[in-house]
Structures are given as structure tokens and as C-alpha cells.
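Position 1 is the first residue of the sequence, and the numbers go up from there. Worth knowing before you read on, the calculation uses all heavy atoms, side chains too, and leaves out hydrogens, waters and symmetry mates.
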Amino acid sequence: MADTAGMAIATHIFTVQLGAYEVETVQEVSGLSFELDSIDHYEVTKTGQLLVRKLAGARKGGEVTIARGLGQSPTFTKWLDDSFLKGDVATARQSLSIVVKDSANKPVRTINLKNAWVKKWEGPNLKAGDSQPALEKVTIVFEDVELQ
């Protein structure tokens, strides 16, 4: 058996799950990032020199954009409706999981976005005679993240 430690995984094998439901026809997940605040703490040493220390602050939430085929997924559409159109963010807050898989379709890393809701929806570009798929882009904000 070949040693695969240290090998990068492909980015094209993944699934997106909303709670217990898999989101269909996902083409792209982009913009995923999260960070910690950086706090400057100023001190004066015994010798009178100014010393600036960097401390870790609070974790910040983030946002991610999902591009997917415009389809008839009732679960995802209801989530969009509750979150964006009705403005019922309290009900719409869900865990959104991005599962990256290896070439054998086994999960390698799961990124759980907690308390996620829809911030922005972009509809497809519609053009007569164009043979591109109808895609919707959904920008999702989240409060916390868990890596598995």
C-alpha cells in the first residue's frame, strides 16, 4: 500500500449538508474563511521599554458563497424562504456542513458552520439561446466553525 501521508486531496469531491439534508447540485463553495481578533497589549518593561504583545481575541464568524444549480430542492428552498424572504433568522439558523472527500469518496475533513443563515441570494443570468446551466449563488453567514 502506498504511503499517502502528506498528499493533497482534490477539491472537486465534496458534499454540502444543511442539517440532516444533503444540498443537491452544488457547483462551487467559495470564500470560506474564519479568523480570530488580534489584540495589541502595550506594556512597559522594568527597564522602561515599550513592549507590544499580540493576544488572541474573540473568534469572528464568517461567510461562504455556494453556487448551485437552480433546482427544486424543497429543503434548501424552504431554508432560503425562511432565512431571506421571511427574515425569520431565528428559525432559519442551521448547521451547514461541507464534507471534503478523497478519491475513494471517504470523508477527509468536515467543516461545520454553526448558526448559519442566508445573507444574500443571486439568481441565474438568463439569456435566450445560452446553453449554460441556471445557477443560483447564496451567501451564507455563520457564527462559529468546527473542524473535524
Side-chain angles (χ1 to χ4, degrees), residues 1-43 52-148:
M1 180 175 202
D3 181 16
T4 58
M7 286 181 59
I9 56 174
T11 61
H12 68 281
I13 305 172
F14 63 94
T15 58
V16 177
Q17 296 173 340
L18 174 62
Y21 302 97
E22 189 167 320
V23 180
E24 303 95 346
T25 66
V26 175
Q27 185 177 32
E28 180 181 356
V29 176
S30 62
L32 180 60
S33 68
F34 42 92
E35 63 182 287
L36 292 173
D37 271 337
S38 174
I39 301 170
D40 289 340
H41 178 71
Y42 297 91
E43 301 176 2
V52 181
R53 294 190 187 271
K54 295 284 189 181
L55 303 175
R59 279 192 304 229
K60 293 182 178 181
E63 61 183 51
V64 64
T65 300
I66 295 176
R68 65 182 295 270
L70 188 63
Q72 298 179 2
S73 170
T75 304
F76 195 74
T77 302
K78 181 178 180 339
W79 188 56
L80 287 171
D81 188 48
D82 288 345
S83 186
F84 186 69
L85 298 176
K86 292 179 183 172
D88 189 3
V89 175
T91 300
R93 288 180 191 271
Q94 294 285 328
S95 290
L96 189 75
S97 298
I98 301 161
V99 182
V100 182
K101 299 180 177 186
D102 64 13
S103 59
N105 209 30
K106 293 182 182 160
V108 176
R109 165 89 38 98
T110 300
I111 305 162
N112 295 314
L113 309 178
K114 297 181 177 185
N115 292 322
W117 51 276
V118 177
K119 172 184 166 186
K120 180 179 178 183
W121 180 85
E122 292 179 56
N125 293 325
L126 303 173
K127 181 178 177 185
D130 196 359
S131 60
Q132 297 297 316
L135 297 179
E136 64 182 348
K137 288 186 180 181
V138 181
T139 302
I140 299 164
V141 294
F142 57 93
E143 292 179 355
D144 203 3
V145 66
E146 175 185 73
L147 299 175
Q148 296 177 336

Trainee: How long is the straight-line distance from OG1 of Thr139 back to CD of Glu122, given to the nearest 0.5 Å?
Mentor: 6.0 Å
Trainee: With rounding to the nearest 0.5 angstrom, report the CZ to CZ distance, Arg109 to Phe14.
Mentor: 16.0 Å
Trainee: Show your reasoning for whether side chain to side chain contact (heavy atoms under 4.5 Å, CB included) applies to Lys114 and Val145.
Mentor: CA-CA 6 Å; Lys114 297 181 177 185; Val145 66; over 6 Å; no
Trainee: Can you tell me how far CD of Gln27 sits from CD1 of Ile66, rounded to the nearest 0.5 angstrom?
Mentor: 12.5 Å
Trainee: In terms of heavy-atom contacts, does NZ of Lys119 have more than 12 from other residues, nucleotides or ligands at under 6.0 Å?
Mentor: no
Trainee: Supply the atom-to-atom distance Glu63 CD to Phe142 CZ, rounded to the nearest 0.5 angstrom.
Mentor: 8.5 Å
Trainee: Could you measure the distance from the CD atom of Gln148 to the OG atom of Ser97? Nearest 0.5 Å is fine.
Mentor: 7.5 Å
Trainee: Taking the side chain as everything from C-beta on, heavy atoms only, tell me whether Val138 gets closer than 4.5 Å to Thr65.
Mentor: no
Trainee: Where is the tightest heavy-atom contact between Pro124 and Leu70, given as atom of each residue plus distance?
Mentor: CG-CD2, 3.8 Å
Trainee: Grab the two heavy atoms, one from Gly19 and one from Gln94, that are nearest each other, plus how far apart they are.
Mentor: CA-OE1, 4.2 Å
Trainee: Between Val26 and Val23, what is the shortest heavy-atom contact and its length?
Mentor: CG2-O, 3.6 Å
Trainee: Please say which of Leu32, Val141, Val16 ends up in a side-chain contact (heavy atoms from CB on, under 4.5 Å) with Leu113.
Mentor: Leu32
Trainee: Count the heavy atoms of every other residue, nucleotide or ligand shown that sit under 6.0 Å from CG of Asn125, and state whether that count exceeds 12.
Mentor: no
Trainee: Give me the atom names and distance for the closest heavy-atom approach of Trp117 to Trp79.
Mentor: CA-CZ2, 3.7 Å
Trainee: Looking only at heavy atoms, which two atoms of Ala56 and Ile39 are closest? And how far apart?
Mentor: O-CD1, 4.2 Å
Trainee: Which pair of non-hydrogen atoms, one from Val99 and one from Pro107, has the smallest distance, and what is that distance?
Mentor: CG1-CB, 3.8 Å
Trainee: Is any side-chain N of the basic residue among Arg93 and Glu143 closer than 4.0 Å to the acidic one's carboxylate O?
Mentor: yes
Trainee: So how far is it from Ile140 CD1 to Leu18 CG, rounded to the nearest 0.5 Å?
Mentor: 8.0 Å
Trainee: Where do Glu136 and Leu80 land on the side chain to side chain contact (heavy atoms under 4.5 Å, CB included) test, with the steps shown first?
Mentor: CA-CA 11 Å; Glu136 64 182 348; Leu80 287 171; 3.9 Å; yes
